[in-house]
Amino acid sequence: MKRVIIIRYSEIFLKGKNRGFFERAFENNLRRALEGVEAELVKQIGRYLVQNFDENELEEIVEKLKKVFGLHTLSVAYETDSDMESIFETAKLFCRSEGTFKVESHRGDKQYPLTSVEISRKLGGMILEYGKGKLKVDVHNPDFRIQVDIRERGKALVFGEFIEGANGMPVGTAGKGLLLLSGGIDSPVAGHMMAKRGMNVECLHFHSYPYTNIQAKEKVVDLAKILSEYTCGTTLYTVKVTHIQESIHEKCKPQYMVTLLRRFMYRIAERQALRIKAQCLITGESLGQVASQTIEGMTSSNSVVEKLPVLRPLVGFDKNEIIERSVKMGAYETSILPFEDCCTVFLPDFPAIRPKLEDILREEAKLDVEGLIAEAFESVEKIEI
Amino acid sequence: MDNAATTKPSLTAFERAREYVTEYYFNPSGMYREGFALQGELKKARSALLSPIASETAFELVFTSCGTEADNQAIFSFARRGNAVTTEGEHSAVFASFTELKNRGLAEPRFAPLNADGSVNVEKLLSLVDEKTSFVSVMHVNNEIGAINDINEIAKRVKQKNPRVIFHSDGVQAYGKIPFKLAKEVDLYSISAHKIGGLKGVGALIKRKSLVLPAFVIGGGQEMGRRSGTENVFGIKQFEYVAEEKFKTLKADYARIKEYREKLWAGLDKGVYTRLSSENGTPYILSVAASGLRGEILLHMADDKGLIIGTGSACSSNSKNRYSKVVLACGHDEKTADGVLRISFSPQTTEEEVAQTTEILNEIGLDLSRRMK
């Protein structure tokens, strides 16, 4: 029996006149997700079908589809002939040995001799008989469901459960953001959350070679790859901030290392975002998680960003909530690889936890800010993921 | 200058062995004439590789796919009861296998401490050997510091204490580099081709003939049943030819490289570097520490200047694994262990390369010290 995947989309429905725009983006993203596997994607009213694929690739296809934002639920159905006997034979595949069930039917083919209510009633009767008293109907809170979908040309789809998709909005419908991707646990999750709301996400990574190693950079590329499965591809930019760190180390008080470095990073990030026409910066900051992520720390780094909003989707999350999401998106194992992403060689023993802006400005005045930024920009590398 | 990690394959040996790819590519187990002929070629290789370091009447050689496999075969074949003793200086091919002995419940692993120069503390090693010891493994030349263990003497003393012990040595950094002959007390000895100009994927386990070595890789019964799998004839012949080259000039190379090592050390800035390798170690390895600096950063800086060297510390921020266990086992502190650099030579190393290496190491060492101030 042929198998078919039914895809249902989520909030896109809520959009009025824009619906076409959202649907096109969703369809593009579905096609992109299916690149590399042989499968046919068919649009129907209010849903898509994936068919004519190799059954051995079913699981892989489902996994890929589950990463497409905008996908509400999907079901793996069997395609069968639409006579009741064939439908019943197929429905048996989804029956448990005991418990309560409910049959739900839809009729795409309005010429079909039975109405959907009649189909449900008839099939329900057949299953009751088949269950020999061990199966009972419960239309409100069943243990399992059997869904029947009558299609054109004498075919029907029979399936059981709904598999939850990624939900959210199709990527590409909510502008573009530049994610500051560090190599830790938080930033990929932040990127994932913005992509979930339909945003195109590109990534920016700061490294301090030769103080950090090549594996650390590879790890970031790997993280960008994991993220790109949700963001329908991405571009990773890397910037070397070694000389900036060395200059701070040489000229400024050690407790301001992190604060000052972050201000440089935000300046570079905003300029890079404007270059690639991104409309915001995205960071994985969570309030109070580390010394630099206090409200004072955020104020200090935020104050150098002139034109764009800085989105911090994780700001109110606990670490364990972030980890949970990281595990779910498949980034955690990579995020915890023990390569240093930012230079720990210059880290002060006691960073300033609540830096005062006037102190920061006084320290920063010792540096050639513009010169260092211009130098950092010369090191930009672009990696298409 | 990271020849302890691997070496440039000898092109002469490569060209000589070429015909085993282009013409004599037959399966050596084949029943046809061509297959038999290759058995003869493998026999020649066995003899050529074995004879420079051991008596062919007492020892024989089993080809494996690498030094690690040879170590594994030795350890998992004979460390099967009581306890097994090795050193804290071992390469992970031996060290991790000993740890695994415990996991598999085969034998209790015991690790003997090192002397400051990286060689094993023989008295302490002997004190770990008792009547329940089934297996002892002591590396011949340490791969990080370059210390040489007198394995013949150690094997003799181990067997005086318990004659039933099977004695193994990892000779990967010694074979084709330092002059020696195996004593009959050494039962097993691992070697590897790519450390002396051979190819990766070729190694061997040398064994005392009377010792019954069980099969490790099971299958078609190649290597007299001890290591199944179709032999890598080309790789083995290239190994044979390269070993022939190396043993011809071994003593002259040894003396010259020792001079180079001392020259390099003499040229290094003593304000930055301290020496870890002793003069009695292999001339092919000079281990130094830039105390207070990070070896890994220096490695990257050297790389940018076209100099490839090794470091004692792994690329990891995990403080437990960051430092070389060998360097710590020699009694050095973490600050020293963090700054370890390993410079390793090959017979092809030139005087000019030594001069350039000295210059670059001094330059980056001073540069980083200044930047870290």
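Note on naming: letters A, B, ... go to the chains in the order of the sequence lines (proteins, then strands), and numbering restarts at 1 for each one. All values derive from a computational prediction rather than experimental measurement.
Between Pro210(A) and Met301(B) the shortest heavy-atom distance is CG-CG, 3.4 Å.
Sparse packing is recorded around CD of Glu351(B), with 12 or fewer heavy atoms of other residues, nucleotides or ligands lying under 6.0 Å away. In this structure, Lys335(B) places its NZ atom where only 12 or fewer heavy-atom neighbours from other residues, nucleotides or ligands lie under 6.0 Å away. The local environment of NZ in Lys8(B) is sparse, with at most 12 non-hydrogen atoms from other residues, nucleotides or ligands closer than 6.0 Å. When the shell of 6.0 Å around NZ of Lys102(B) is examined, it contains 12 or fewer heavy atoms from other residues, nucleotides or ligands. More than 12 heavy-atom neighbours from other residues, nucleotides or ligands sit within 6.0 angstrom of CG on Leu357(A).
For the atom pair CZ of Arg371(B) and CD of Glu250(A), the computed distance is 11.0 Å after rounding to the nearest 0.5 Å.
At a threshold of 4.5 Å between non-hydrogen side-chain atoms, the residues Met372(B) and Tyr211(A) count as touching. At least one side-chain heavy atom of Asp303(B) sits under 4.5 Å from a side-chain heavy atom of Tyr209(A).
For a residue to count as touching a neighbouring chain, one of its non-hydrogen atoms must lie under 4.5 Å from one of that chain's; by this rule Leu299(B) does not touch chain A.
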